[in-house]
*Asks:* 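Pasting in a structure now, in structure tokens, and then I'll have a few things to ask.
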Number of protein chains: 2
Amino acid sequence: MRLVEIYQCLCDETRLRLLNLLQTGPLCVCHLQEVLDMGQVAVSKHLGYLRRHGLVTATREGKWRIYRLVDPAPPELRRHLACLQDCTREIPLFCEDQRRLAARLQDCCPPGPRAGTREPSAIHFRTKPNP
Amino acid sequence: MRLVEIYQCLCDETRLRLLNLLQTGPLCVCHLQEVLDMGQVAVSKHLGYLRRHGLVTATREGKWRIYRLVDPAPPELRRHLACLQDCTREIPLFCEDQRRLAARLQDCCPPGPRAGTREPSAIHFRTKPNP
DNA sequence: ACCTCATATTCCCTTAACGGAATATGAATG
DNA sequence: CATTCATATTCCGTTAAGGGAATATGAGGT
């Protein structure tokens with residue numbers, strides 16, 4: 001993976017927020033969209049951008065598309081994601097996003113660790129229809 | 001300093017090369033230009049960009065303008081520059097740049113440590129006129 | 001087979017990056 | 001003070017990013 005490519009992916013606030021959330025585990029698009037409170041097109045395009053550049057991967061689970069950080073990540077990427085995490089830890093916007101995500105997942109997913117789980121239903125089990 | 005701002009500065013190859021070279025110490029524009037083998041406008045603009053965003057500072061020394069990494073650097077920036085350095089160490093282009101710079105400085109500056117020196121003449125002492 | 005839901009893609013507009021040619025600036029030097 | 005040298009700025013064209021509205025796709029449910 002080229003270094004500039006990594007930075008190009010990281011140089012947009014929306015994409016930083018997406019990666020910050022994905023660092024907690026795999027997520028479907030609608031959750032990301034709700035937490036970021038942004039239009040569907042924007043979120044989808046940024047996720048596509050990250051996928052085309054190899055930072056995330058996507059799989060289908062039923063109707064949903066689950067995004068997760070690429071695994072295993074190439075060394076340059078791992079270094080930079082760690083660096084990013086060090087920084088976002090102290091930035092209110094990113095912390096708020098994490099809290100909003102946790103809250104949103106509460107009335108959606110069964111309890112227990114989400115990241116790394118094998119069951120799709122643990123990643124996305126919608127209990128309420130979308131508005 | 002905002003995080004996105006840092007990544008915006010790092011998401012261009014020319015700027016990465018400039019920062020890679022500046023990490024070895026202060027440098028004038030013409031040296032950077034020669035090592036990168038790029039047009040004067042491009043180099044000047046990228047340096048201006050880095051300066052406006054607070055990654056480097058510039059001072060006049062006689063006819064020359066000396067650029068150096070901002071010091072002290074804010075913590076997010078230091079982390080990222082360290083991360084960058086870890087990565088560039090293994091990338092041929094950046095290593096070649098370093099070698100070209102070292103060679104170029106040989107027939108220009110008096111021997112001895114360059115970075116952190118107080119004498120302007122140690123930073124730029126042109127021995128041959130430009131073509 | 002149709003309908004719905006989640007997501008992607010296309011089209012369009014606005015804005016910004018990048019680089020070169022030409023020109024401006026400002027210090028040093030004769 | 002006119003010239004030269006190093007660098008910055010302006011103007012211009014090309015290219016790409018970002019986001020919304022509308023539309024397409026594709027899986028599940030009825």
Side-chain angles (χ1 to χ4, degrees), chain A residues 4-5 7-18 22 26-53 55-68 104 108 120-121 123-131, chain B residues 4-5 7-18 22 26-53 55-68 104 108 120-121 123-131:
Chain A
V4 182
E5 210 173 356
Y7 289 124
Q8 281 168 347
C9 288
L10 298 180
C11 76
D12 176 90
E13 185 173 270
T14 303
R15 288 196 288 269
L16 287 186
R17 295 175 72 190
L18 289 172
L22 287 172
L27 287 168
C28 72
V29 179
C30 57
H31 282 157
L32 292 166
Q33 183 180 339
E34 286 176 33
V35 171
L36 297 199
D37 192 26
M38 292 184 59
Q40 184 253 323
V41 177
V43 174
S44 176
K45 277 188 185 168
H46 282 299
L47 286 170
Y49 189 99
L50 292 174
R51 190 171 49 74
R52 281 194 303 279
H53 290 277
L55 272 70
V56 304
T57 58
T59 57
R60 272 210 112 90
E61 304 283 1
K63 310 206 285 190
W64 298 285
R65 193 165 288 261
I66 308 296
Y67 281 87
R68 60 198 82 209
R104 181 63 187 80
C108 171
S121 64
I123 293 166
H124 191 300
F125 183 73
R126 179 170 290 281
T127 53
K128 306 170 190 170
N130 257 352
Chain B
V4 182
E5 209 173 356
Y7 289 124
Q8 282 168 347
C9 288
L10 299 180
C11 75
D12 176 90
E13 186 174 272
T14 303
R15 288 196 287 270
L16 287 186
R17 295 175 71 190
L18 290 172
L22 287 172
L27 287 168
C28 72
V29 179
C30 56
H31 281 158
L32 292 167
Q33 184 179 339
E34 287 176 33
V35 172
L36 297 200
D37 192 26
M38 291 185 59
Q40 184 254 323
V41 177
V43 175
S44 176
K45 276 188 186 169
H46 282 299
L47 287 170
Y49 189 99
L50 292 174
R51 191 170 49 74
R52 281 193 304 279
H53 290 277
L55 272 70
V56 305
T57 57
T59 56
R60 272 211 113 90
E61 304 281 2
K63 309 205 286 190
W64 298 285
R65 194 166 288 261
I66 308 297
Y67 280 86
R68 63 198 80 208
R104 182 61 187 83
C108 170
S121 63
I123 292 167
H124 191 300
F125 183 73
R126 180 171 289 282
T127 53
K128 305 171 189 170
N130 257 352

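Below, read A as the first sequence line, B as the second, and so on, with proteins coming before strands; counting in each chain starts at 1. Because the structure is predicted, anything quoted here is derived from the model rather than measured. Reckoned from all heavy atoms, side chains included, excluding hydrogens, waters and symmetry mates.
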*Asks:* For the atom pair CG (B:Leu27) and CG (B:Leu32), what is the distance rounded to the nearest 0.5 Å?
*Replies:*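 Separation between the atoms: 5.0 Å.
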*Asks:* Taking side chain to side chain donor-acceptor pair (under 3.5 Å) as the test, write out the residues that go with A:Thr57, two or more places apart.
*Replies:* none
*Asks:* Mind calculating the distance between CE (A:Met38) and C1' (D:dA17) to the nearest angstrom?
*Replies:* 13 Å
*Asks:* What distance separates B:Cys28 SG from B:Gln33 CD, expressed to the nearest 0.5 Å?
*Replies:*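 Spacing of SG (B:Cys28) from CD (B:Gln33) equals 9.5 Å.
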*Asks:* Just the rounded figure in Å: distance from C1' of C:dT7 to CD of A:Glu34.
*Replies:*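 In whole Å, C:dT7 C1' lies 14 Å from A:Glu34 CD.
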*Asks:* With respect to the phosphate group of C:dG19, does any side-chain polar atom (N or O) of B:His46 fall under 4.0 Å of OP1 or OP2?
*Replies:*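 Answer is yes, contact under 4.0 Å.
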*Asks:* Which nucleotide, C:dA27, D:dG20, C:dA6, lies nearest any side-chain atom of B:Arg60?
*Replies:* C:dA27
*Asks:* Using atom NE2 of B:His53 as one end and atom P of C:dA16 as the other, report the distance to the nearest whole Å.
*Replies:*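 Rounded to the whole Å, the gap is 12 Å.
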*Asks:* Name each donor-acceptor pair under 3.5 Å that joins a side chain in residues 36-51 of chain A to protein atoms two or more places apart or in another chain, with its distance.
*Replies:*
from, atom 1, to, atom 2, distance (Å)
A:His46, ND1, A:Arg15, NH1, 3.1

*Asks:* Between the two end axes of the helix from C:dA1-D:dT30 to C:dG30-D:dC1, each built from 5 base pairs, what angle do you get to the nearest 10°?
*Replies:* 10°
*Asks:* How long is the line joining NZ of A:Lys63 and C1' of D:dT25, in whole Å?
*Replies:* 14 Å
*Asks:* For nucleotides 8-15 of chain C, give me one character per nucleotide, 5' to 3': B if any protein heavy atom sits under 4.0 Å from the base, S if the only such contacts are to the sugar-phosphate, - if neither.
*Replies:* BBBB----
*Asks:* Roughly how far, to the nearest 0.5 Å, is the NE2 atom of A:His53 from the CD atom of A:Glu5?
*Replies:* 5.5 Å
*Asks:* In this structure, how many angstroms lie between the C1' atom of D:dG18 and the CG atom of A:Leu50, rounded?
*Replies:*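 Those two atoms, CG and C1', are 14 Å apart.
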*Asks:* Out of D:dT7, C:dT7, D:dG19, which has the shortest distance to the side chain of A:Trp64?
*Replies:* C:dT7
*Asks:* Looking at CG of B:Leu10 and CG of B:Leu55, how far apart are the two atoms once the value is rounded to the nearest 0.5 Å?
*Replies:*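 Spacing of CG (B:Leu10) from CG (B:Leu55) equals 6.5 Å.
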*Asks:* What closest approach, in Å, do B:Cys11 and A:Val4 show between heavy atoms, and which atom pair accounts for it?
*Replies:*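 For B:Cys11 and A:Val4, the tightest heavy-atom pair comes out as O-CG1, 3.4 Å.
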*Asks:* Find the distance B:Gln33:CD to D:dC5:P and express it as a whole number of Å.
*Replies:*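 Those two atoms, CD and P, are 14 Å apart.
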*Asks:* My understanding is that only residues two or more places apart in sequence, or in another chain, count here; which of them pass salt bridge (Lys or Arg N to Asp or Glu O under 4.0 Å) with A:Arg17?
*Replies:*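 In terms of salt bridge (Lys or Arg N to Asp or Glu O under 4.0 Å), with neighbours along the sequence ignored, A:Arg17 is linked to A:Asp97.
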*Asks:* Tell me the interatomic distance from A:Tyr7, atom OH, to C:dA17, atom P, rounded to whole angstroms.
*Replies:*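 Roughly 19 Å, once rounded to whole Å.
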*Asks:* Does any residue of residues 9-18 of chain A have a heavy atom under 4.0 Å from DNA chain D, and if so, which ones, in number order?
*Replies:*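 Nucleic-acid contacts, sorted: A:Asp12, A:Thr14, A:Arg15.
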*Asks:* Provide the closest heavy-atom pair for A:Tyr67 versus A:Val56 in the form atom of the first, atom of the second, distance.
*Replies:*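 Answer, listing the atom of A:Tyr67 first, then A:Val56: CD2-CG2, 3.8 Å.
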*Asks:* Calculate the interatomic distance between B:Leu36 atom CG and D:dT7 atom P; express it in whole Å.
*Replies:*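 Going from CG in B:Leu36 over to P in D:dT7 covers 13 Å.
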